[in-house]
Amino acid sequence: MTTFSEYLHQHGAEHQLEPALLDTVQTIVSACQTIGRNVRLGALSGVLGEAGTGNIQGEAQKKLDVIANQILIDTLRNNPNVAGLASEEEDDFVAANEQGDYLVLFDPLDGSSNIDINISIGTIFSVLAKPSGSLKTESFLQKGRDQVAAGYVLYGVQTLLVLTFKHGVAVFTLDENGEFVQTHTAPQIPESTAEFAINMSNQRHWEQPVQQYIAALLAGKDGIRGKNYNMRWVASMVAEVHRILMRGGVFMYPKDNRDPSKAGKLRLMYEANPLGLVVEQAGGKITNARENMLDIQPVGLHQRVAVVLGSAEEVETVCQYHL
Ligand code: P6P
């Protein structure tokens with residue numbers, strides 16, 4: 001079995017990846033191993049429950065949100081290759097090392113509502129090359145296609161690392177010694193599926209095209225799609241994306257009219273773009289129902305988007321409903 005460090009060395013040589021990029025990703029993963037040790041202990045280490053604070057998203061923070069965020073910031077700041085950071089939990093970017101070549105964006109603990117009930121949560125990360133010139137917010141506002149690395153760590157039944165440098169996807173499992181060992185090579189998302197993921201409780205708020213698409217799925221084999229569908233909703237995007245990576249499916253968090261000023265609930269820079277790069281590298285698709293997610297020109301660090309991702313056939317069908 002190939003260890004994560006061996007993989008970085010081999011993959012880096014095979015694809016002429018910058019050592020500074022490999023080192024930056026190694027630091028991200030090291031921070032996630034520390035986060036995982038906190039997550040694993042739960043109540044035993046007093047990390048459950050509310051932090052009593054809120055973030056720029058207007059969300060109440062869990063203790064583990066704050067802990068995970070601080071672990072990533074403290075760890076990455078000490079890496080000279082990292083010029084700056086952006087986090088779901090930080091209003092503005094965090095400057096790190098002036099001579100650094102890379103920017104790291106992250107959702108330190110996605111799916112926080114699941115922390116206290118022991119359902120899978122995850123850390124999502126995205127790496128961008130730092131543009132020349134002084135560091136400013138605009139330095140981070142790069143299209144998802146321009147990411148140089150992206151992935152997630154899923155704290156679930158197993159602790160998994162899923163990573164891409166845009167030369168395919170690799171999956172690693174944390175072993176009994178706390179080291180990541182490669183367990184999957186180049187997983188591919190099946191072209192078609194009979195499984196969809198959406199929060200049905202928002203159905204009355206959806207725009208018509210989404211209402212019609214989901215109604216066709218619910219009609220099953222008697223409807224226009226001619227087959228029965230199954231549904232899943234974990235309320236943890238990392239877990240949903242991993243399920244789709246492993247067995248296919250379509251995940252949707254569409255724009256809805258609860259707050260028409262918001263394009264969607266999920267965030268472009270540190271949720272949709274990194275997860276979308278993994279999905280595309282595994283043969284799936286990701287869109288906001290109207291354009292390829294990775295081609296969207298960001299306008300803000302915490303910009304929200306509608307998300308449709310997964311098996312190509314279903315994502316394309318959703319887009320057809322929006323023409
Ligand atoms: P809802 C978690 O808070 C998250 O950002 C995603 O991980 C997840 O897919 C979604 O929100 C769940 O949202 O409205 O179903 O609680």
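Start at 1 and go down the list; that is how both ligands and their atoms are numbered. Keep in mind that what you see is a predicted model, and the values were worked out from it rather than measured.
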TODO: Examine M237 against ligand 1 and note whether any of their N/O atoms are separated by less than 3.5 Å.
DONE: yes

Task: Numbered atoms of ligand 1 (with element) below 4.0 Å of N199, judged on heavy atoms - done: 1 (P), 14 (O), 15 (O)

- [ ] State the atoms of ligand 1, each with its element, that fall below the 4.0 Å cut-off from a heavy-atom position in E271.
- [x] 5 (O)

TODO: Decide whether V250 and W206 are clustered together by the hydrophobic rule: side chain heavy atoms of Ile, Leu, Val, Met, Phe, Trp, Tyr closer than 4.5 Å, transitively.
DONE: yes

- [ ] Taking the six-membered ring for Trp and the single ring otherwise, decide whether the centroids of Y7 and F172 are under 6.0 Å apart.
- [x] yes

Task: Protein contact of atom 14 (O) of ligand 1 - nearest heavy atom, named by residue and atom, plus distance - done: Y253 OH, 2.6 Å

Task: Other ILVMFWY residues reachable from V66 by side-chain steps of under 4.5 Å - done: none

Open item on the list: side chain to side chain contact (heavy atoms under 4.5 Å, CB included) for L174 and E179? Distances and angles first, verdict last.
Closed with: CA-CA 5 Å; L174 198 70; E179 294 305 321; 5.7 Å; no

Task: Carboxylate-amine/guanidinium proximity below 4.0 Å for K166 and E280 - done: no

Task: Closest to atom 10 (C) of ligand 1 among E88, K265, R258 (heavy-atom distance) - done: K265

- [ ] Output the list of atoms in ligand 1 that are nearer than 4.0 Å to some heavy atom of A235, sorted by atom number.
- [x] 2 (C), 8 (C), 12 (C)

Open item on the list: In this structure, does ligand 1 have an atom that sits under 4.0 Å from one of the heavy atoms of S113?
Closed with: no

- [ ] Would you mind reporting whether P298 and M269 have side-chain heavy atoms less than 4.5 Å apart?
- [x] yes

Open item on the list: salt bridge (charged side-chain N to carboxylate O under 4.0 Å, His left out), that's the test. Do E191 and K285 meet it? Break it down for me.
Closed with: CA-CA 10 Å; E191 170 92 11; K285 288 187 178 291; over 6 Å; no

Task: Residue portion contacting ligand 1 (non-hydrogen atoms closer than 4.0 Å) for V238 - done: neither

- [ ] List every atom of ligand 1 that sits less than 4.0 Å from any heavy atom of F251, numbering the atoms from 1 in the order shown and giving each element.
- [x] 9 (O)

Task: Enumerated ligand 1 atoms positioned under 4.0 Å from heavy atoms of R267 - done: 5 (O)

TODO: Before signing off on this row, confirm whether N202 and ligand 1 have an N or O atom pair separated by under 3.5 Å.
DONE: no

Open item on the list: Taking the ring centre of each residue, are H302 and Y270 less than 6.0 Å apart?
Closed with: yes

